[in-house]
Number of protein chains: 2
Amino acid sequence: MAMKATDAAAPDREVADGLTAAACLFHGFSDTSRLSIVRHLALGEHRVVDLTAHLGLAQSTVSQHLACLKDCGLVSSRPEGRASMWSLNHPATVMDLLAAAERLLALTGDAVTLCPTYGAGSLHGGTS
Amino acid sequence: MAMKATDAAAPDREVADGLTAAACLFHGFSDTSRLSIVRHLALGEHRVVDLTAHLGLAQSTVSQHLACLKDCGLVSSRPEGRASMWSLNHPATVMDLLAAAERLLALTGDAVTLCPTYGAGSLHGGTS
DNA sequence: CGCTTTCATCGCCATGTGCCGATGATAGGT
DNA sequence: ACCTATCATCGGCACATGGCGATGAAAGCG
C-alpha cells in the first residue's frame, strides 16, 4: 500500500524504481486473500459484495485488498449502478505470471493449480 | 516466514494450500532487498558478506532475507570454508517468472528491467 | 421523500516485517 | 593455541499489514 514508483530520472534510479515497482507488484500477489480475488476476477467481472461472499471476509477488508491491487495496477473498477464492477487489467499477462509461478512451485515441490480455468501452462501470446 | 504448505489432503484443501504456497513464493519477491538478492544470485553464487556489500545492509538482515528465500525454496546454500555460497535453485524458471512480471509491469506503465543479464523473454526450457 | 443496498474510508487492534546490534558457533590463518 | 573472518540466530524497536466494525456517501427502489 505504501509503495509507489512511477518516475524515472537517473540511470541507476531507474533500476531501483523498477525494483520497488516489481516489489509492489509481487506484494499484490503475496496474500492468499488477494490471490483468491485475482483468481475470481480472472473468471470475469465481480462486485465487491460478490467477492465478500466468495472469500468469507468483511466487506471493508475486501475493499482494502481491491484498493491494494488497484495500486499495483492489477485491477480497475467500473461503476455499475450503485455497485463497482472490478476486473483484471491484463488478464492474459497476469495468467502468464501465475503460470510461471505455478511452474516454479512445481519444481519447489508443491503441486499447485493457480490458474482457475486455464490449465497449467497454456495460453501464450495475447497480452491483453 | 511463518508460511508453509506442503501437504495435500482434501480436494479443496489442495487449492487453499496452493494459494498459501503461492503467496509465500510471491512474498519472497515482494521486497526490494530480496529482489536485489535474487538478481545478484542470478549472476552466480555469492557469499553473505558479498551481498551485504552490494546491498548496503547489515549482515544479519541479509542472512534473514536469505533464510526467507530459502523457506520459499528459491535459494540454497553450500558451505564453502567458513563462508556460505548461496545460489538460486531454479535460475531459469525464476527468470521466467521475473520476465513475466517485467511484461506485466511494462503494461502497467513502468519500464522495468528485472532480469540482470538476460533480456526480457529469452532462455526457455532449462529448469535447473 | 425516505429506505435499502453497495461501497470506500476511518479508527482500532493484533500480528508480521524489516532493520539493526550483539552473541555464539564454525573454520582459516598465524 | 590464539586471533580473525564469516555466518546464523536472538532480542528489540519502529512501522507496515491484515483483519474487523462503524460511519458516511452514492445510487437504486418504494
Side-chain angles (χ1 to χ4, degrees), chain A residues 1-5 16 19-38 40-41 45-72 74-87, chain B residues 1-5 16 19-38 40-41 45-72 74-87:
Chain A
M1 270 69 145
M3 313 176 78
K4 267 279 171 159
L19 284 190
T20 61
C24 178
L25 171 67
F26 284 121
H27 177 75
F29 293 105
S30 68
D31 181 89
T32 54
S33 302
R34 283 192 292 270
L35 227 34
S36 288
I37 290 177
V38 169
H40 280 292
L41 291 185
E45 286 184 328
H46 280 278
R47 299 177 306 155
V48 175
V49 69
D50 222 350
L51 294 170
T52 59
H54 281 302
L55 299 175
L57 291 176
Q59 173 262 322
S60 57
T61 305
V62 174
S63 275
Q64 242 167 325
H65 280 309
L66 285 171
C68 172
L69 292 172
K70 183 185 187 178
D71 271 0
C72 304
L74 287 173
V75 303
S76 53
S77 63
R78 175 176 62 85
E80 168 101 358
R82 64 193 161 180
S84 307
M85 296 301 294
W86 290 83
S87 55
Chain B
M1 272 65 137
M3 314 176 78
K4 267 280 175 159
L19 284 190
T20 61
C24 179
L25 172 67
F26 284 121
H27 178 75
F29 293 106
S30 68
D31 181 87
T32 55
S33 301
R34 283 192 292 270
L35 227 33
S36 287
I37 290 177
V38 169
H40 280 291
L41 291 185
E45 286 184 328
H46 280 278
R47 300 176 305 155
V48 175
V49 70
D50 222 352
L51 294 171
T52 59
H54 281 302
L55 299 176
L57 290 177
Q59 173 262 321
S60 57
T61 305
V62 174
S63 275
Q64 240 166 324
H65 280 309
L66 285 170
C68 172
L69 291 172
K70 182 184 188 179
D71 269 1
C72 305
L74 288 173
V75 304
S76 53
S77 63
R78 174 176 62 84
E80 167 100 0
R82 62 191 161 182
S84 307
M85 296 299 295
W86 290 83
S87 55

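Here is the naming used below: chain letters follow the sequence lines, and residue numbers restart at 1 for every chain. As the structure is a computational prediction, the values presented were derived from the model and not from experiment.
- A:Ser60 pairs by the side-chain contact (heavy atoms from CB on, under 4.5 Å) definition with A:Ala58, not counting sequence neighbours.
- In terms of phosphate contacts, A:His65 brings no side-chain nitrogen or oxygen within less than 4.0 Å of OP1 or OP2 of D:dT17.
- Rounded to whole Å, atom C1' of C:dC7 lies 14 Å from atom CD1 of A:Ile37.
- Taking only side-chain nitrogens and oxygens, A:His27 never comes nearer than 4.0 Å to OP1 or OP2 of D:dA16.
- With A:Arg34 contributing its side chain and A:His27 its backbone, the two residues share a donor-acceptor pair below 3.5 Å.
- Every residue meeting the side-chain hydrogen bond (donor to acceptor under 3.5 Å, both in side chains) condition with A:Ser33, not counting sequence neighbours, appears here in chain and number order: A:Asp31.
- Nucleic acid contact class of B:Leu66 (heavy atoms, under 4.0 Å, all strands): none.
- Computed from coordinates, the B:Gln64 CD to D:dC13 C1' distance equals 13 Å when rounded to whole Å.
- We find that CG of B:Leu57 is positioned 11 Å from P of C:dG21, with the value rounded to whole Å.
- Contact of B:Thr61 with C:dG18 (side chain to base): no donor-acceptor pair of N or O atoms is detected under 3.5 Å.
- Taking atom CG of B:Asp71 as the reference point, atom C1' of C:dT17 lies 14 Å away to the nearest angstrom.
- Shown here are the side-chain hydrogen bond (donor to acceptor under 3.5 Å, both in side chains) partners of A:Thr61, two or more places apart in sequence or in another chain: there are none.
- Qualifying side-chain hydrogen bond (donor to acceptor under 3.5 Å, both in side chains) partners for A:Ser76, counting only residues two or more places apart in sequence or in other chains: A:Asn89.
- Contacts of B:Ser63 classified as side-chain hydrogen bond (donor to acceptor under 3.5 Å, both in side chains), with partners at least two apart in sequence or in another chain: B:Gln59.
- Per the geometry, CG belonging to B:Leu51 stands 14 Å off P belonging to C:dC19, to the nearest Å.
- Whole-Å rounding puts the B:Asp31 CG to D:dA16 P distance at 14 Å.
- Within the 3.5 Å criterion, the main-chain N or O of A:His54 finds no donor-acceptor partner in the side chain of A:His40.
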Set out, line by line, the N/O atom pairs under 3.5 Å between protein and nucleotides 1-7 of chain D.
residue: D:dT4; atom: O2; partner: B:Arg82; partner atom: NH1; Å: 3.4
residue: D:dA5; atom: O4'; partner: B:Arg82; partner atom: NH1; Å: 3.2
residue: D:dC7; atom: OP1; partner: B:Val48; partner atom: N; Å: 2.9
residue: D:dC7; atom: OP2; partner: B:Val49; partner atom: N; Å: 2.5
residue: D:dC7; atom: O3'; partner: B:Ser84; partner atom: OG; Å: 3.4

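- An OP1 or OP2 oxygen of C:dG18 is reached within less than 4.0 angstrom by no side-chain nitrogen or oxygen of B:Ser33.
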